[in-house]
Amino acid sequence: MSGDREAEESDAARETTSAASTARPLRRDAELNRRRILQAGREVFAARGLQATLNDVAHHAGLGVGTVYRKYPDKQALAEAVYAEELDEIAVMAREARDTEDAFGALADFLEKALARAAHNRGLRELMRRGTVEGAGLTRARQAITAHCEHLVARARTEGVLRDRVTEADLAPIAAMMDAVMALPAEQPSQPWRRYLMIVLDGLRAQPGQAELPGL
């Protein structure tokens, strides 16, 4: 009887080990698919905007549309996941700017880098304009960006390099202005907005006229 029990326990242990070893590759495959879908979503939304469909994303990822729907039940869920990551990365850029010694330079550099991402990302610009995609991850990232920008603006004012009445709330309209410039027809659509950003930034300085403005 004892031998039978030991045999049964041994068989059960082997089955458990086998099931665990099978589950690990499945979990790895599922995670790889999730990353493929997110990357495809980033690329498709960047190129086509938020009107792109989950079918478009599935095709771009080289996966069946059913696989995409199992991970993300609708486009809203996928767009939220994609742009929560995107905004988290922008929040990291803003946080790193806080550690830069030159307060105005840090603010200007952050705006240029954040807008450079938007220049090549139609979906991100649509998100900035209309805010039609919402979710906890996006809210958290936006709050982090806002807090870092408030710090940058306050430090630049304290150092006397930024006009007294400029606040963090002015940055969103500036981004909207640059978005409008990005939408203008141009031979090199990624370039003209930088010129106009420099003009706006020079106007924000406590002592304008210190920056070299392209084309002026």
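Quick caveat, the model's predicted, so the values are computed rather than measured.
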Measure the CG-CE distance between Leu111 and Met93 for me, rounded to the nearest 0.5 Å. 9.5 Å

Nearest heavy atoms of Ala40 and Ala61, plus distance in Å: CB-CB, 3.6 Å

Which atoms form the tightest heavy-atom contact between Val68 and Ala58, and what is the distance? CG2-CB, 3.6 Å

Looking only at heavy atoms, which two atoms of Ala91 and Ala141 are closest? And how far apart? CB-O, 4.3 Å

Checking the side chain of Arg125 only, and the main-chain atoms of Ala118 only, is there a donor and an acceptor separated by less than 3.5 Å? yes

From CA spacing to verdict: side chain to side chain contact (heavy atoms under 4.5 Å, CB included), Met128, Asp179: CA-CA 9 Å; Met128 291 164 56; Asp179 174 64; 5.7 Å; no

The salt bridge (Lys or Arg N to Asp or Glu O under 4.0 Å) partners of Arg163 (sequence neighbours excluded) come to none

Just by distance, do the side chain of Asp202 and the backbone of Ile199 share a donor-acceptor pair under 3.5 Å? no

Between Val57 and Gly41, the two heavy atoms sitting closest are CG1-N, 3.8 Å

What I want to find out is whether Asp88 reaches Arg140 closely enough, with some N-O distance under 4.0 Å, to be called a salt bridge. yes

Got Met178 and Tyr196 here, is their nearest side-chain heavy-atom distance under 4.5 Å? yes

Tell me, with the steps shown, if His148 and His151 meet side chain to side chain contact (heavy atoms under 4.5 Å, CB included). CA-CA 5 Å; His148 296 318; His151 180 91; 5.6 Å; no

Donor-acceptor pair, side chain of Thr67 and main chain of Leu63, under 3.5 angstrom: no

CZ on Phe104 to CZ on Arg205, rounded to 0.5 Å: 4.5 Å

How many angstroms lie between atom CG of Leu138 and atom CG of Leu127, to the nearest 0.5 angstrom? 6.0 Å

Does any N or O in the side chain of Glu126 come within less than 3.5 Å of the main-chain N or O of Leu50, such that one atom is a donor and the other an acceptor? yes

Are Ile90 and Val92 connected in the hydrophobic side-chain network, where two residues link if heavy atoms are under 4.5 Å apart? no

Compare all side-chain heavy atoms of Glu150 with those of Arg155 and state whether any distance is below 4.5 angstrom. no

Test log, rule salt bridge (charged side-chain N to carboxylate O under 4.0 Å, His left out), inputs Glu85 and Arg35: CA-CA 12 Å; Glu85 281 196 349; Arg35 296 309 307 174; 2.9 Å; yes

Rounded to the nearest 0.5 angstrom, the NE2-CD1 distance for His60 and Ile37 is 12.5 Å

Main-chain N/O of Asn33 paired to Lys71 side chain as donor or acceptor, under 3.5 Å: no

Value rounded to 0.5 Å, distance of CE in Met177 from CG in Leu115: 11.5 Å

Looking at every non-hydrogen atom in both residues, tell me the closest pair between Tyr83 and Ala46 and how far apart they are. OH-N, 4.1 Å

Take atom NE2 of His59 as the centre, draw a 6.0 Å sphere, and report whether it contains more than 12 heavy atoms from other residues, nucleotides or ligands. no

Pick out which of Ile174, Leu107, Asp170 makes a side-chain contact (heavy atoms from CB on, under 4.5 Å) with Leu204. Ile174

Going by atom types only, do Glu43 and Gln39 share a side-chain donor-acceptor pair under 3.5 Å? yes

Does the side chain to side chain contact (heavy atoms under 4.5 Å, CB included) test come out yes or no for Leu124 and Leu87, once each step is laid out? CA-CA 9 Å; Leu124 180 58; Leu87 293 187; 4.1 Å; yes

Please give me the minimum heavy-atom distance between Ala97 and Ala106, naming the atom from each residue. O-CB, 3.3 Å

Stepwise, does the side chain to side chain contact (heavy atoms under 4.5 Å, CB included) test hold for Asn55 with Tyr69? CA-CA 9 Å; Asn55 285 358; Tyr69 274 100; 4.3 Å; yes

To the nearest 0.5 Å, what is the distance between CZ on Arg34 and OH on Tyr72? 5.0 Å

Is the shortest side-chain heavy-atom distance between Val153 and Leu171 below 4.5 Å? yes

Does some side-chain heavy atom of Leu78 sit less than 4.5 Å from a side-chain heavy atom of Phe45? yes

Does atom CG (Asp164) have a neighbourhood of more than 12 heavy atoms from anything else shown, all under 6.0 Å? no

With salt bridge (Lys or Arg N to Asp or Glu O under 4.0 Å) as the rule and sequence neighbours excluded, what pairs involving residues 97-121 come up? Glu86-Arg117, Glu89-Arg117, Asp109-Lys113, Glu112-Arg194

